[in-house]
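Throughout, residue positions are numbered sequentially from 1 according to the sequence presented. FYI, side chains are in, hydrogens and waters are out, and symmetry mates aren't considered; it's all heavy atoms of this structure. Counting starts at 1 for both ligands and their atoms, following the listed order.
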Amino acid sequence: MATSNEELLLIVDDHPRNIQLLGSLLAREGYRIAVATTGLQALAIAGKVLPDLILLDVMLPDLQGFDVCRQLRETPETAETPILFLTAKSETEDKVKGFRMGGTDYLTKPFEGAEVLARIRTQLALRRAQRQLKEQNRRLEELLQERTRDLVRAERQAAFSLLIKGIVHNLKNPLFTILGSFEMIQELQKEFKENMDFSQTAACIPEICQKTFELVRLGEASARTLSDLIQSLMAKSRSDKRESLEVVDLNEILRQEFSFLQADQQLAYKVKKRVHLASQPLPVEIVPVELVQVFQNLVRNALDALVDKADAELLVESGELAEEVFFRIGDNGTGIDEEHRPRLFEPFFTTKKTPDAEGRTGTGLGLYTCREIVQSYQGRIELDSALGKGTVFTVFLPRWR
Ligand SMILES: Nc1ncnc2c1ncn2[C@@H]1O[C@H](COP(=O)(O)OP(=O)(O)O)[C@@H](O)[C@H]1O
Ligand SMILES: [Mg+2]
């Protein structure tokens, strides 16, 4: 009965009679047939036509059927193709060897038509089922990945909107301070104009100047805090994009940034600098402004910890370790209270609540931003600190290969 099986079977046998016998039996069933008479030929044809099943004679003129089988198994394209050994022998030893080499089943000569067909059908059905299962697995895997991506995206969005809420909340204070100081300056001016008494004018001027000066300073400091917050927000939105990835030498960025920082009065005059950069290049694939941001935030924090410290020292180091490159910012400043450790990387966690000499307060977004950036590159930040002794932050990033 001639049905139209689409499946392609490869018959490997050096005896024309066997080929004829099997060939006509299988062709009658509607299978497509390919033929090889040597082992090498079998390997070449199998690699080209990718048969759905191979009937392989154990005794071939060039290679042993077992060796052909092993080689087919070692080739990814034919690794899972069912292989039925054809043999005149029925010794157990041969069968065991055949199965060990990756054979799927055995047909013993002389062939019995019905048995041959039954075995072939079984193997082909198994193979089809196996393929379907694989395809289903692949689809499931895809779905799972898609779902994970959705979840990660949702998670990030939730975290982001929380961050925005926090920032908006934190924008209010400095903004109100700025507006308040403007109002008070206007109030002062009004008062001055209304009570203009020329006999006293000269005497008031220094006081009014002083008051105005203080109010302007207050406003300015708040404006700076505001600007820091906005900077962090911009860095955050940048870190969600990946448009300007570049391969750069970490050392180059550190060198460049460090020379820019020399403009800072505290760093230039009050801090001893120890810089040890690796002598070899340290390639990383990053958005350079983001790396700069991490570096600046860490140096800022180190300098904050070094205010009023005698023999203040700042350490900048770089190097590589296995698959990673790293840079390290160290200070011999205040150190970090054990209690604060778990919260350091939380957004808005800051111990800098009272304004410094320049009237600045902390935003608590420095380390948070650093960690967000570093993690987006599958990197990590390590911290070593001792209260009263100092702190070292080390940033690890995957080395670009
Ligand atoms: N090098 C350091 N030495 C001591 N404390 C540090 C250092 N770096 C960070 N910290 C602590 O971590 C807190 C959070 O840092 P950060 O996120 O940069 O916010 P901010 O600097 O605005 O306070 C700081 O307020 C400070 O208490
Ligand atoms: Mg900071």
Side-chain angles (χ1 to χ4, degrees), residues 159 162-163 166-167 169-174 177 221-236 239 254 257-258 261 264 266-267 270-275 289-317 326-376 379-396:
L162 212 68
L163 181 72
I167 286 180
H169 178 80
N170 279 265
L171 288 176
K172 276 186 193 153
N173 269 336
T177 313
S222 295
R224 284 225 192 97
T225 307
L226 210 62
S227 151
D228 284 355
L229 279 162
I230 291 167
Q231 284 264 337
S232 302
L233 185 60
M234 275 159 55
K236 169 72 189 150
S239 75
L254 297 178
E257 282 313 301
F258 200 66
L261 276 171
D264 183 283
Q266 185 194 359
L267 185 69
K270 297 187 185 149
V271 176
K272 186 173 160 197
K273 277 117 351 205
R274 291 199 290 134
V275 182
V289 288
E290 293 190 336
L291 189 60
V292 166
Q293 172 111 35
V294 174
F295 175 75
Q296 282 183 354
N297 287 357
L298 294 179
V299 173
R300 267 284 124 239
N301 282 345
L303 291 177
D304 287 344
L306 289 170
V307 170
D308 299 332
K309 159 94 185 157
D311 306 320
E313 275 189 17
L314 180 80
L315 167 78
V316 180
E317 240 177 49
F326 67 85
F327 72 93
R328 181 168 283 154
I329 308 292
D331 65 70
N332 61 345
T334 55
I336 297 172
D337 200 325
E338 198 65 52
E339 244 181 81
H340 296 149
R341 296 260 178 111
R343 303 198 50 205
L344 288 186
F345 292 90
E346 276 177 21
F348 309 113
F349 175 80
T350 181
T351 53
K352 301 165 193 169
K353 293 209 175 99
T354 42
D356 66 7
E358 285 167 22
R360 277 195 191 209
T361 52
T363 62
L365 287 173
L367 289 179
Y368 167 75
T369 311
C370 287
R371 199 190 52 182
E372 282 282 300
I373 293 176
V374 170
Q375 283 184 347
S376 76
R380 63 205 160 87
I381 303 182
E382 272 180 12
L383 156 67
D384 189 12
S385 181
L387 204 58
K389 294 223 167 79
T391 306
V392 179
F393 280 94
T394 310
V395 174
F396 291 90

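Under a 4.0 Å criterion applied to the non-hydrogen atoms of Thr334, ligand 1 contributes the atoms 4 (C). The atoms of ligand 1 that sit less than 4.0 Å from any heavy atom of Gly362 are 22 (O). Distances below 4.0 Å separate heavy atoms of Thr363 from the following atoms of ligand 1: 22 (O).
Phe326 pairs by the ring-ring contact (aromatic ring centres under 6.0 Å, His included) definition with Phe396, not counting sequence neighbours. Remark: Asp356 pairs with Glu358, Arg360 by the side-chain contact (heavy atoms from CB on, under 4.5 Å) rule, at least two apart or across chains. Among residues two or more places apart in sequence or in another chain, the side-chain contact (heavy atoms from CB on, under 4.5 Å) test is passed with Leu383 by Ile336, Arg341, Leu344, Ser385, Thr391, Phe393.
Here the shortest heavy-atom pairing between Thr354 and Thr361 reads C-CG2, 4.1 Å.
For atom 11 (C) of ligand 1, the closest non-hydrogen atom of the protein is Leu344 CD2, 3.7 Å. Atom 19 (O) of ligand 1 has Gly364 CA, 3.2 Å as its closest protein atom, hydrogens excluded (heavy atom only). In terms of protein heavy atoms, atom 26 (C) of ligand 1 is closest to Thr351 OG1, 3.4 Å. The closest protein non-hydrogen atom to atom 1 (N) of ligand 1 is Asp331 OD2, 2.9 Å. The shortest contact between atom 14 (C) of ligand 1 and any protein heavy atom is with Phe349 O, 3.4 Å. From the protein, the heavy atom lying nearest to atom 21 (O) of ligand 1 is Lys352 NZ, 2.7 Å. The protein heavy atom nearest to atom 9 (C) of ligand 1 is Asn301 ND2, 3.5 Å. Residue, atom and distance of the protein heavy atom nearest to atom 23 (O) of ligand 1 are Thr350 OG1, 2.6 Å.
Using a 4.5 Å heavy-atom threshold, the side chains of Leu314 and Ile329 count as touching. Within the 4.5 Å cutoff, the side chain of Ile381 has heavy atoms near those of the Cys370 side chain. Residues Leu226 and Leu171 form a side-chain contact, since some pair of their non-hydrogen atoms from C-beta on lies under 4.5 Å apart. Contact check for Leu387 versus Glu338: no side-chain heavy atoms found under the 4.5 Å cut-off.
The closest approach between a heavy atom of Phe393 and any atom of ligand 1 is below 4.0 Å. Using a 4.0 Å cutoff on heavy atoms, Gly335 counts as a contact of ligand 1.
If you look at Asn297 next to ligand 1, there are no close heavy atoms at all, none under 4.0 Å.
The pair Asp384-Arg328 does not count as a salt bridge, with every side-chain nitrogen at least 4.0 angstrom from each carboxylate oxygen.
Between the side chain of Thr177 and the main chain of Asn173, a donor-acceptor pair closer than 3.5 Å is present. Remark: the backbone N or O of Phe295 is not paired with any side-chain donor or acceptor of Glu257 at under 3.5 angstrom. With hydrogens and angles ignored, the 3.5 Å screen pairs no side-chain donor or acceptor of Lys270 with any backbone N or O of Lys309.
Backbone and side-chain nitrogen or oxygen atoms of Asp304 are examined, and none is located within less than 3.5 angstrom of a nitrogen or oxygen of ligand 1.
Among Asp337, Leu367, Thr369, Ile336, the residue whose heavy atom lies nearest to atom 4 (C) of ligand 1 is Ile336.
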- Query: Which is it for Asn301 and Lys352 under the side chain to side chain donor-acceptor pair (under 3.5 Å) test, yes or no, and what are the steps along the way?
  - Reply: CA-CA 10 Å; Asn301 282 345; Lys352 301 165 193 169; 3.1 Å; yes

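Around the Mg ion (ligand 2), the protein contributes the following N, O or S atoms at distances under 2.8 Å: Asn301 OD1.
By the neighbour-count criterion of 12 heavy atoms within 6.0 Å, atom NZ of Lys272 is sparsely surrounded, having that number or fewer from other residues, nucleotides or ligands.
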